[in-house]
Amino acid sequence: MSTTIGSPPDSFSLSPLLSLLPTCGSVARVEGMVSSLFARQEKVVQLREQGGSKELERRLACEEAMLRQVLDWLSAKSGGGE
């Protein structure tokens, strides 16, 4: 790694895990999918209530939490929460 003293640090040295993630997408693209996200969340809740293996229940719980977080964030953003 050959950098000069005056150059800013590279992204990996500042946040190594973040540098491995893909670049951020457009929020506007996600905002257009609110109804689909809500429908998927309802389906996941339904599947969890039906039961299944421990692994399936764990995966569905994680997906439900992720969907709830995204929907909460989008509703706060559209409600003027910024």
Side-chain angles (χ1 to χ4, degrees):
M1 179 165 95
S2 62
T3 59
T4 62
I5 293 175
S7 65
D10 61 346
S11 63
F12 184 79
S13 64
L14 292 176
S15 51
L17 294 179
L18 189 59
S19 68
L20 299 175
L21 296 174
T23 58
C24 296
S26 171
V27 174
R29 289 176 46 203
V30 176
E31 287 176 332
M33 296 184 221
V34 171
S35 60
S36 297
L37 293 170
F38 187 74
R40 178 59 187 168
Q41 182 190 20
E42 287 181 339
K43 180 67 174 175
V44 169
V45 169
Q46 212 175 39
L47 290 171
R48 280 189 66 203
E49 290 172 352
Q50 290 176 359
S53 68
K54 290 283 186 186
E55 177 62 21
L56 178 61
E57 286 184 28
R58 185 189 67 76
R59 288 177 48 210
L60 290 172
C62 291
E63 184 177 356
E64 181 185 359
M66 183 266 312
L67 288 166
R68 189 177 329 114
Q69 180 69 38
V70 170
L71 289 168
D72 288 347
W73 180 77
L74 287 172
S75 67
K77 185 175 182 343
S78 66
E82 286 188 331

Asker: Which residues pass the salt bridge (charged side-chain N to carboxylate O under 4.0 Å, His left out) test with Glu55, sequence neighbours left out?
Answerer: Arg58
Asker: Please report the closest heavy-atom contact between Leu71 and Val34, naming both atoms and the distance.
Answerer: CD2-O, 3.9 Å
Asker: Side-chain heavy atoms under 4.5 angstrom apart, residues restricted to Ile, Leu, Val, Met, Phe, Trp, Tyr: same cluster for Val44 and Trp73?
Answerer: yes
Asker: Got a sec, which residues hit side-chain contact (heavy atoms from CB on, under 4.5 Å) with Val70, two or more places apart in sequence or on another chain?
Answerer: Val30, Leu37, Met66, Leu74
Asker: Might you work through the side chain to side chain contact (heavy atoms under 4.5 Å, CB included) test for Leu67 and Glu64, ending with a clear yes or no?
Answerer: CA-CA 5 Å; Leu67 288 166; Glu64 181 185 359; 5.8 Å; no
Asker: Does one hydrophobic cluster hold both Val45 and Leu60, with members joined at side-chain heavy-atom distances below 4.5 Å?
Answerer: no
Asker: Would you please name every residue forming a salt bridge (charged side-chain N to carboxylate O under 4.0 Å, His left out) with Arg59, sequence neighbours left out?
Answerer: none
Asker: Give me each pair satisfying side chain to side chain donor-acceptor pair (under 3.5 Å) with a member in residues 34-43, each pair once, sequence neighbours excluded.
Answerer: Arg40-Glu63
